[in-house]
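Please read the structure below before turning to the comments.
Chain letters run A, B, ... following the sequence lines, proteins first and then strands; every chain starts at 1.
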Number of protein chains: 2
Amino acid sequence: MAQNLKQRPQVALAVDLAILTVRDSKLQILLVERANEPYRGQLALPGGFIDTADEDLDTAAARELAEETGLAAERLHLEQLRAYGSPGRDPRGRVVTVCYLALMPDLPIPVAGGDARAARWEPVDAVLADGDRLAFDHRVLIADAVERAQGKLENTTLGVAFCPPEFTISELRRVYEIVWRQELDPRNFHRKATSVDGFLEPTGRRTTRGGRPAALYRRGPARVLHPPLLRGHNHSDPGQDKGDGR
Amino acid sequence: MAQNLKQRPQVALAVDLAILTVRDSKLQILLVERANEPYRGQLALPGGFIDTADEDLDTAAARELAEETGLAAERLHLEQLRAYGSPGRDPRGRVVTVCYLALMPDLPIPVAGGDARAARWEPVDAVLADGDRLAFDHRVLIADAVERAQGKLENTTLGVAFCPPEFTISELRRVYEIVWRQELDPRNFHRKATSVDGFLEPTGRRTTRGGRPAALYRRGPARVLHPPLLRGHNHSDPGQDKGDGR
DNA sequence: GAAATAGTGTCTTTCAGACATTATGTT
DNA sequence: AACATAATGTCTGAAAGACACTATTTC
């Protein structure tokens, strides 16, 4: 092992954010247009290099998130996705990035970030379909982030992370349908959501809109779903190889 | 964003391996005894700094795995766990490590690694119970690795990664029982394992041991379990907070 | 009343959990 | 025969999927 750290090759370390929301009936991701080379003019995940030498990865991610959205990280879900470190992923040199996944409700906030970069929401489907618009290997990071988010909705109560503080069961179901790209039966979903202990807490209040007023709920204390809320089998995919292994 | 990478603070990047196996009816992990300061004499995950500047993270992990076990990574399951980068985690300075999780059958191989370090199997329960034996923050990495492995067994067919090329259903069940620390009904497990399409392939061969000979199976092409094979509810844990969020 | 959306109920199928019995080898 | 382990079967209850109906609001 290393006697002296300075003798070791060092790398530049960055933190990138995959901030997802459900907006306009689509799963969208916050992207910035790069002002400088490389990939000038293309879209990239917000992020940046670790500035202070004594900054924790999670802290750095939370800081970036606050800078980009103006939101304190405490109010959002933020978790590490994974690290990416292919040698050629940044033309400037060896850059390893740790990507974080954030889930947030559709707030009117993000447009004006702390710095000059123009941050905007983009539908993930469109962005993934035209990967050439994306800088670096961010197409992969985004795909991984979406996959992680989809899985989270199965096993945890994080669907509510996409919802405002008070929401109806229909709104929550629409989140699931959009993130999973799959229609769900409203009655079965209602039954499941209300039967899971600690998932939803009734507020007593109701909406007032088109049809019959819907009951408003807030997030409950539960964090895991037992048993999970499963996506329907994708029978077109026999589950042969998800490419996770080696 | 950075004009010049060299102006950015750089960090030392390491890759650590959490190599798990089921051995001696216990979940065990391959650890090395540190020969140098810091944490001299304590146990640590095998790993090392990224040597060549042009080495991919996955490649570096596979190389370390081969050095440590003498096994080609193609035959094992190897996946990235996550990155760890707390400022104080290495007293020598800022070191970010990317931890990889490997699952392997109980092979008589690992003892003699390529280098002089004494690598040995240790039961994870014992190591986690006495965290003071471990160097750095490796207690956390190991706990995370075990948790990931447990989850993998629910949703994927990776239980077989702990088994030799041919194995019986009882052996597979024991893997699940040991990793999950939970007894499973042999009959229900047998039913489930054999009913999942592509999970197991009969070899036609049988064991010859104590009681009635058991049919031998090999790993099938399926990689995901649909529906998942769930651990029993842990009713002592109401699932309030898994500490994943922020 | 018509339209829109919310909420409840029922039937069926699938699957997990609990448990008994039979099968096939060794000593 | 005694023993050990493997394999199959049966019953039950929980939960998912499919589907019909009732409820409450606005226009």
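If you check distances only, the side chain of B:Arg212 never reaches the base of D:dA4 with a donor-acceptor pair under 3.5 Å. Residue side chain A:Arg187 reaches the base of D:dA20 through a donor-acceptor N/O pair under 3.5 Å, judged by distance alone. Judged by distance alone with a 3.5 Å cut-off, a donor-acceptor contact links the side chain of B:Asn188 to the base of C:dA18. In the interface, the side chain of A:Arg191 is paired with the base of D:dG17 through a donor and an acceptor atom under 3.5 Å apart.
Between A:Phe189 atom CZ and D:dA15 atom P there is a gap of 17 Å when expressed in whole angstrom units. C:dT5 atom P lies 20 Å from atom CZ of A:Phe167, rounded to whole Å. The CG-C1' distance, from B:Leu200 to D:dA7, rounds to 14 Å in whole Å. The CZ-C1' distance, from B:Arg206 to C:dT24, rounds to 9 Å in whole Å. D:dC21 atom P lies 20 Å from atom NE2 of A:His190, rounded to whole Å. Remark: P of D:dA6 and CG of B:Leu172 are 13 Å apart, rounded to the nearest angstrom. In this structure, the CZ atom of A:Arg174 is 14 Å from the P atom of C:dA4, given to the nearest Å. Taking atom NE2 of residue A:His226 and atom C1' of nucleotide C:dG17, one finds them 16 Å apart after rounding to whole Å.
At a threshold of 4.0 angstrom between heavy atoms, the contacts of B:Thr168 with the nucleic acid are absent. Counting any heavy atom pair closer than 4.0 Å across all strands shown, B:Ser170 reaches sugar-phosphate atoms only and no base atom.
B:Asp106 and B:Thr21 are not linked by any side-chain donor-acceptor pair at a separation below 3.5 angstrom, with hydrogens and angles left out of the test. Side-chain contact check for A:Tyr84 and A:Asp144: at least one donor-acceptor pair (N or O, by modelled atom type) lies under 3.5 Å.
Dashed line: the shortest gap from a side-chain N or O of B:Lys192 to OP1 or OP2 of C:dC15 is not under 4.0 Å.
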Take B:Val146 and B:Arg181 through the side-chain contact (heavy atoms from CB on, under 4.5 Å) test and state the conclusion after the steps. CA-CA 11 Å; B:Val146 171; B:Arg181 302 184 177 92; 4.2 Å; yes
Does the salt bridge (Lys or Arg N to Asp or Glu O under 4.0 Å) test come out yes or no for A:Asp132 and A:Arg139, once each step is laid out? CA-CA 9 Å; A:Asp132 293 340; A:Arg139 186 180 189 283; over 6 Å; no
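Comparing C:dA6, D:dT25, C:dG25 by their closest approach to the side chain of A:Pro213 singles out D:dT25.
Each of A:Asp185 and A:Thr208 has a nearest nucleotide on DNA chain D; the 5'-most of these lies closest to A:Asp185. Residues A:Gly211 and B:Pro228 each lie close to DNA chain C; by heavy-atom proximity, the contact nearer the 5' end of the strand is made by A:Gly211.
In this structure, A:Trp180 and A:Tyr176 have perpendicular ring planes: the angle between them is above 60°, well past the 30° mark.
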